[in-house]
Amino acid sequence: MKAKTAAVILIAISLAACSGKGLMITRDGATAYRIIVPDGPNAAAYYAASELQRYLLDVSGVSLSIIPESQAGRGTAIWLGPCRRVEKAGLLPAAGVLTGDGVMIKTAGRDLIILGDGGRGLLNGVYVFLERFLGCRFLAYNCTIAPKRAILKLPPIDYRYSPPFIYREVLAFDAWRWDFHVRQKLNGGNMPLVLPTPTSARTERVPGIVIFPFVHTFAAIAPTETYFSSHPEYFGLVKGKRQGGVVGGQLCLTNPTVLEMAKRKALEWIAQRPDLTTVDISQNDAYPGSSGACECEACAAIVREEGSQHGPVLRLVNAVADAVKERYPDKFVDTLAYDYTIIPPKITRPRDNVIIRLCHYGCCFHGIEGEELSANFQPAVEQWPKLARHVWVWHYGTNFWHYLAPNPNLDSLAKDIRFYARNGIDGLMMQADIQSPGGELAELRQYLAAQMMWDPSQDPIAIRSDFCRGYYGPAAGEALEYLALMDGWKDKITRHIPTNGWNPPDITPRDFVSNGLAILEHGRAKAAVNAVIKGRIEKLLLSLWYMRLAWPETYGLSMEEGRTLLAEFKRVVKTFAVTNRTEGPIGDMDGFLAEMESRYGLLP
Ligand SMILES: [Zn+2]
Ligand SMILES: [Zn+2]
C-alpha cells in the first residue's frame with residue numbers, strides 16, 4: 001500500500017513538471033536551472049545573482065550556476081535583469097514603468113524572469129521572490145530565515161509592485177550594514193554621513209539615495225566664524241540684532257550675496273560628491289521658541305505674503321535648484337520643512353527638482369491622525385504633497401534621551417507610515433537609535449519600519465509575529481506576550497508626549513515592568529540551551545533592568561538586589577557592545593555604569 005502511494009505521488013509530480021503549470025526549480029538535490037545575467041559588467045545583476053544563488057542553496061541544498069547570457073545556450077533558467085531574451089519576450093516595457101526600485105517577477109514557459117527598476121529594483125526583485133514565494137525572512141543582519149525544501153516548485157507567477165516611498169531609510173544601528181540594509185529593500189545611503197564613527201567600511205555595490213551634506217547646511221553656506229564679524233547682514237535679524245550660530249541662528253534669505261553663496265556651495269558639493277543624488281540646502285537647527293528666522297523688512301514681507309516662514313526658504317531653494325538643473329539635470333535639491341517652517345507657503349511652489357523634507361512632530365504613543373500634538377503637522381502632511389512633486393518625511397521613532405527605556409510606539413509607527421503613504425508622501429526616513437546596538441526592541445522596530453516602508457498595506461501585527469517567531473525561536477511566545485503587554489499599557493496612556501524624548505518613569509507603570517520581567521524571564525528559561533536566542537531575550541530584558549536600576553524607588557529595587565542586577569546588566573551591555581544609552585556622545589553608557597556602580601556601592 002505504501003509503495004503504491006509513493007508511485008502515485010511520483011507520477012503526479014512528473015505530470016505536474018511536464019504540464020507546463022509551474023516550475024520545478026530543484027528536486028532532491030538536483031536542478032535543470034541556471035541563473036543567467038546580462039552580458040558585460042553589471043554589478044547589480046551579479047550581486048543579485050549571488051544573493052539568489054546563496055539563498056536557493058540554503059532553501060534547497062542545490063547550488064545553481066551563474067552564467068552570462070552569451071554562454072547560456074539552451075535550457076531552463078532564471079533570468080535576471082534585461083537580458084536579450086527577456087527583451088525579445090517583450091517584457092521590458094512592463095518593467096520600464098516600475099518606480100522606486102519596484103519589482104517584476106514572472107514565469108514564462110519554464111523560465112523564471114526577475115526584473116526591477118534599476119539595479120536596486122533588480123536586487124529587490126530577488127529579495128521579494130525569496131520572501132514572497134519561498135518564505136525567506138531577512139529579520140536582522142545576523143538572522144535570516146530560509147525554510148528548507150526537498151522539492152522547490154513554483155506556481156505560475158505574474159507579480160509587479162512599485163512601493164509608494166521612492167526613498168526608504170532607517171537610521172538605526174541594527175540596519176547599518178549595507179548588505180542587510182539592501183536585503184530589507186531600503187535604499188538610503190546616508191548612514192555614513194550621520195554616524196560619527198562608522199563601524200565598517202562602506203561597500204556599496206549598488207548606489208542608493210545619497211543626500212549630501214545631510215542636513216542643516218545654512219551653517220556651512222555662511223559659517224558664523226568666517227562671516228559674522230565682517231558681514232553681519234548675511235545673518236538673521238532677530239529683535240533688531242543680527243544672530244549667528246549653528247543652532248538658533250539662520251541666514252537672511254533675501255540677501256542677494258547669500259543666494260549666490262548658496263548656489264556656489266551647492267555646485268561645489270555636487271562636484272565634491274558626484275555620487276550624491278540630492279544636495280541639501282536647509283535651515284539650521286532651532287531652539288524651541290527661538291528659531292533665529294530673519295525679521296528684516298524684505299524677509300518679513302515674504303513671510304506675510306506667503307503666510308509662512310517657509311516662503312523665504314523656498315524662494316531661495318528654488319533659485320538654487322534652477323542653477324543646479326542647468327549643470328546637473330539629474331540631481332535634486334532638498335530642503336527642510338521643520339519646526340518654524342512646517343506650514344507650506346501660499347504662493348510659491350517647489351520646483352520639480354526640489355524635495356521637501358518634512359520633519360515629524362506629534363505624539364510618540366498615539367500617532368499623528370487626530371492627535372492634539374499634531375495639530376500643525378497633520379495638515380502639513382496632507383497639504384505639502386498637493387503642492388510639491390516630492391515630499392519626504394523625517395520620522396522620529398525612539399526615545400532619544402533613553403534608548404533603553406520601554407517605548408510602546410510599534411502600533412503608532414505602523415499607523416503613521418500608512419498615513420504618510422495615503423497622503424502621497426513619497427520618501428520616508430525613520431531616525432532611531434543610531435549610535436549603538438542594544439536599544440529597546442531595536443531590531444524589531446527597524447524591521448517593522450523597513451517592511452512597512454516597502455509595502456504599507458501589510459498587516460503590522462503579522463510582521464511582528466513573523467519577526468518574533470524567527471528571531472526569538474523557542475521564546476517567540478514570550479516575546480509576543482511581552483508585546484501584547486506593551487500594547488495593553490499603550491492603550492491606557494492618556495498623556496501626550498512629543499517626539500524627541502521623555503522621562504521613562506513618567507509613563508511606565510510599575511506593574512508593566514514587573515509583569516514584563518516575569519514573562520521575559522520565562523522566555524529566557526525556555527531559551528536556556530540556545531545561547532544566541534538567550535542573548536536576544538537578555539537584550540529585551542535590558543530595557544526593564546534599566547528601569548529598575550535607574551529608578552529603584554519607583555520600581556522596587558533594594559540596594560542588594562541592585563548590586564546583583566547591575567552585574568548582570570553590565571555583562572549584557574558588554575556582550576553586545578552597547579555603547580550608548582542616549583543620543584549623546586559615543587560611549588555615554590560608561591558614564592551611566594559608573595553612576596550606577598557608585599549608587600550601588602560597587603566602586604572598585
Ligand atoms: Zn532678511
Ligand atoms: Zn498622544
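In listed order, ligands and their atoms are each counted from 1.
A cation-pi contact, defined as under 6.0 Å to the ring centre and within 45° of the axis, is absent between R357 and Y338. Taking the centre and axis of the six-membered ring of F212, the NZ or CZ atom of R273 falls inside the cone set by 45° and 6.0 Å.
Taking the ring centroids of W454 and Y447, they lie at or beyond the 6.0 Å cut-off.
Other residues, nucleotides and ligands contribute more than 12 heavy atoms inside 6.0 Å of the CD1 atom of I519. The environment of NZ in K325 is sparse: at most 12 heavy-atom neighbours from other residues, nucleotides or ligands sit within 6.0 Å.
Rounding to 10 degrees, one finds that the Zn ion (ligand 1) sits at the corner of an angle of 110° between C294 SG and C296 SG.
Under 2.8 Å from the Zn ion (ligand 2), one finds the following protein N/O/S atoms: C363 SG, H366 ND1, E371 OE1, H496 ND1.
Each of I425, L171, L413 was scored for a side chain to side chain contact (heavy atoms under 4.5 Å, CB included) with H395, with one residue passing: L413.
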